[in-house]
Every structure is written in C-alpha cells, then in structure tokens.
Peer 1: 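Once you've had a glance at the structure underneath, I'll fire off some questions.
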There are 2 protein chains.
Amino acid sequence: MIFIDLKDSRPIYEQVVERFKLLILKGVIERDEKLPSVRNLAVELSLNPNTIQRAYGELERQGYIYTVKGKGNFASGSEKLIDRYKEEIQKQLREICKTAISIGMTEEELMNGIREWRKI
Amino acid sequence: MIFIDLKDSRPIYEQVVERFKLLILKGVIERDEKLPSVRNLAVELSLNPNTIQRAYGELERQGYIYTVKGKGNFASGSEKLIDRYKEEIQKQLREICKTAISIGMTEEELMNGIREWRKI
DNA sequence: AAGGGTGTATTATTAATGCTAGTACACAGA
DNA sequence: TCTGTGTACTAGCATTAATAATACACCCTT
C-alpha cells in the first residue's frame with residue numbers, strides 16, 4: 001500500500017504520515033476504512049512498530065485517522081481535511097512566488113512552471 | 001547583513017546558505033563583493049566558525065562564491081545562477097501543482113494561491 | 001474463559017547529525 | 001613581523017530518529 005524511500009533525507013515516520021495523508025485525501029482509503037495494523041505494517045516495511053505508531057499518532061493528532069482501541073486505526077472523512085490541505089498548498093505557492101519575484105522572475109516564467117499541469 | 005531564526009527547524013548552516021544565496025541572486029551582494037569573514041560572521045551571529053565555514057563551503061560548491069586564501073570569500077556573478085535558480089523554482093511549482101491536482105484541486109483554486117502576486 | 005489480534009506505554013540502546021570547542025597550519029598584505 | 005584570512009583536524013556534546021524488548025489493556029471470536 002505504501003513504500004519508503006531510504007534515500008529520502010526526511011524521517012521515515014514523516015514519509016509514512018505523508019503517504020497516508022495523500023491516500024486519504026485522494027479517497028484511495030475511504031472513510032472508516034481500516035489502515036494496516038501497527039504490527040503488520042511494521043513487518044511489511046521492515047520497520048520497528050514504534051516508528052509506525054509514531055506516524056499513526058501524528059495522523060490521529062492531525063485528524064486524518066481515528067483509533068479504536070483493540071480494533072485498529074481508521075480513516076476519517078476527508079472533506080474538511082481537503083479544505084485545510086488546499087490552504088496549505090496555496091500558502092506554499094505564495095511563498096515560492098514571493099521568492100521568485102524577489103529575484104526578478106517574470107510572470108511569464110512563473111507560469112511556465114505551471115503550464116504543463118493546466119488543461120489548456 | 002543576515003539573521004538566524006532559532007525557531008526554524010532547519011540546520012543553521014542551511015539558513016546561512018539560503019540567506020546569502022538570495023542576497024547574491026537579488027544583487028544585494030554584487031559580483032566580487034567580499035562576504036563577511038568566517039570569524040567575524042561567527043562572532044556577529046554568536047555561532048561557531050565551523051558552522052560558517054560549512055555554509056561558505058556549500059556556497060562555493062554551488063558556485064555562489066569563490067574563495068581567495070588569505071583574503072576572503074567573494075560573490076560570483078549571478079547571471080547563470082539566476083537561470084539555474086529559476087529552473088529550480090519551476091520544478092518546485094510543478095511538484096506542488098501535481099500534488100494539488102491529484103487531490104482534486106481545481107485550476108481556479110490553484111490560481112487563487114498565486115493571484116495576489118500577479119500585477120493584474 | 002481463553003486466545004489472538006489490536007493499540008498503548010515504557011525504558012533502554014544505537015546511530016546519525018548538527019553544532020561546539022580547541023588547536024594548528026598556510027597564505028596575503030601592510 | 002604582525003594581523004587577518006581560509007583551511008584542516010580531532011574531540012566531544014546534544015538532539016533526534018530508529019530500534020529493541022517488554023508489558024498492559026481492549027475487542028472479538030471460539
């Protein structure tokens with residue numbers, strides 16, 4: 001279901017968090033769908049259960065999943081999460097554009113960085 | 001000339017690198033202008049000289065400055081550096097847009113994240 | 001009631017890295 | 001020669017990611 005990139009400099013638990021975030025936001029994991037158990041995922045990814053637990057704890061803290069003791073971890077509904085995530089993305093875009101303009105990048109050059117993802 | 005944000009989770013030497021990168025790209029530090037000496041900047045920022053040296057070493061490796069032993073570190077010309085930096089920014093933008101679209105963000109919502117930086 | 005699967009908590013240990021500390025050496029210029 | 005400069009090296013500290021091992025409580029099925 002997910003994979004880990006050991007060449008990535010970010011901590012493993014952060015990678016796990018991000019992967020599940022996107023899976024939930026995209027709807028690949030639906031509301032109330034069960035995530036892999038801490039122990040199972042640890043075996044599957046050859047990681048320590050504590051690392052998975054830390055990732056799940058973070059996902060729960062951010063509202064992406066909820067926990068039922070003795071049963072497992074389950075995906076939350078994604079509507080509000082998507083809105084929040086969209087704002088984060090817009091914030092990132094603004095930061096990058098701010099820097100870009102400060103070094104003299106033109107509007108045209110900025111748009112060239114985006115154009116290939118536009119339908120037109 | 002520059003400042004360090006201790007609340008920033010990134011390493012200090014990376015912050016120093018980024019600050020000088022932008023100062024050179026913006027032309028605030030002109031070609032062949034001398035940067036603060038390793039020891040002076042270390043005192044000014046209350047850091048260890050080794051930390052500054054690491055930052056300067058990185059800046060040299062990336063072509064932003066050149067070193068004259070016994071004299072100091074000096075800014076390189078920024079023309080080629082700017083072109084390279086613009087490509088990096090475009091790459092970042094594409095990555096963000098790619099993710100944004102994958103979670104169902106619309107073109108309109110994407111543009112709202114940029115609009116305030118456009119002249120129009 | 002028993003057992004297996006689940007999350008949770010705790011403590012200890014290892015490994016990597018950022019940063020500091022201290023020292024030493026070589027070069028440039030006055 | 002003296003001062004300021006970059007460079008190199010070793011050592012150590014602090015933080016954090018990650019592992020290891022263990023224990024406990026909950027849920028559900030048998």
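In what follows, every chain begins at residue 1, and chains take the letters A, B, ... in the order their sequences are listed.
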Peer 1: More than 12 foreign heavy atoms under 6.0 Å from NZ of B:Lys91: is that the case here?
Peer 2: no
Peer 1: Report the residue (B:Pro36 or A:Pro11) whose heavy-atom-nearest nucleotide on DNA chain D is the more 5′ of the two.
Peer 2: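 By nearest-heavy-atom nucleotide position, the 5'-most residue is B:Pro36.
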Peer 1: Of the residues in residues 53-66 of chain A, which ones touch DNA chain C at a heavy-atom distance under 4.0 Å?
Peer 2: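 Residues of residues 53-66 of chain A under 4.0 Å from DNA chain C: A:Gln53.
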Peer 1: Write down the distance between CD (A:Glu14) and P (D:dT16), rounded to a whole number of angstrom.
Peer 2: 13 Å
Peer 1: To the nearest Å, how far apart are A:Leu41 CG and C:dT6 P?
Peer 2: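 Answer to the nearest Å: 11 Å.
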Peer 1: Under 3.5 Å between N/O atoms: give me all the protein pairs with nucleotides 21-27 of chain C, atom names plus distance.
Peer 2:
from: C:dA21; atom 1: N7; to: B:Asn48; atom 2: ND2; distance (Å): 3.4
from: C:dA21; atom 1: N6; to: B:Asn50; atom 2: ND2; distance (Å): 2.7

Peer 1: With side chains defined as the heavy atoms from C-beta onward, is the minimum distance between A:Asn40 and A:Ile52 less than 4.5 Å?
Peer 2: no
Peer 1: Could you please spell out the steps behind the side chain to side chain contact (heavy atoms under 4.5 Å, CB included) verdict for A:Leu35 and A:Tyr64?
Peer 2: CA-CA 11 Å; A:Leu35 273 66; A:Tyr64 284 83; over 6 Å; no
Peer 1: Compare all side-chain heavy atoms of A:Asn50 with those of A:Gln53 and state whether any distance is below 4.5 angstrom.
Peer 2: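 With C-beta onward as the side chain, the pair touches.
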Peer 1: D:dT19, OP1 or OP2 - any side-chain N/O from A:Thr51 closer than 4.0 Å?
Peer 2: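 True: A:Thr51 side-chain N/O within range (under 4.0 Å) of D:dT19 OP1/OP2.
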Peer 1: Count I, L, V, M, F, W, Y as connected when their side-chain heavy atoms are under 4.5 Å apart, and connections chain through other members. Are A:Phe3 and A:Leu6 then in the same cluster?
Peer 2: no
Peer 1: Whole angstroms only, please: what is the CD1-C1' distance between B:Ile52 and C:dG18?
Peer 2: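 Whole-Å distance recorded here is 13 Å.
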Peer 1: Note the angle between the end axes of the helix from C:dA1-D:dT30 to C:dA30-D:dT1, five pairs defining each, rounded to 10 degrees.
Peer 2: 10°
Peer 1: What is the separation between atom CZ on A:Phe74 and atom P on C:dG7, rounded to the nearest whole Å?
Peer 2: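 Spelled out: CZ on A:Phe74 to P on C:dG7 is 8 Å.
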Peer 1: Grab the OH-P distance between A:Tyr13 and D:dT16 for me, whole Å please.
Peer 2: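 Distance, rounded to whole Å: 10 Å.
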Peer 1: Measure from CG on A:Asn73 to C1' on D:dC27 and round the result to the nearest Å.
Peer 2: 14 Å
Peer 1: Report whether B:Tyr66 and B:Leu23 are members of the same hydrophobic cluster (ILVMFWY, side-chain heavy atoms less than 4.5 Å apart, transitive linking).
Peer 2: no
Peer 1: Evaluate the side-chain proximity of B:Ile65 to B:Phe20: yes if any heavy-atom separation is below 4.5 Å, no if none is.
Peer 2: no
Peer 1: Can you check the A:Ile4 CD1 to D:dA17 C1' distance for me, whole Å?
Peer 2: 13 Å
Peer 1: If Ile, Leu, Val, Met, Phe, Trp and Tyr residues are connected whenever their side-chain heavy atoms lie under 4.5 Å apart, and connections chain through other members, are B:Met1 and B:Leu47 in the same group?
Peer 2: yes
Peer 1: OP1 or OP2 of D:dG4 sitting under 4.0 Å from any side-chain N/O of B:Ser37?
Peer 2: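 Negative; the distance criterion is not met.
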Peer 1: Is B:Leu59 linked to B:Tyr13 within one hydrophobic cluster, defined over Ile, Leu, Val, Met, Phe, Trp and Tyr using a side-chain heavy-atom separation of less than 4.5 Å?
Peer 2: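 Each belongs to a different hydrophobic cluster.
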Peer 1: Output the rounded distance in Å from CG (B:Leu45) to P (C:dT20).
Peer 2: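 The answer, rounded to whole Å, is 10 Å.
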Peer 1: Are B:Phe74 and B:Leu22 connected in the hydrophobic side-chain network, where two residues link if heavy atoms are under 4.5 Å apart?
Peer 2: no
Peer 1: Under a 4.0 Å threshold between the charged nitrogen and the carboxylate oxygen, would B:Glu58 count as salt-bridged to B:Arg61?
Peer 2: yes
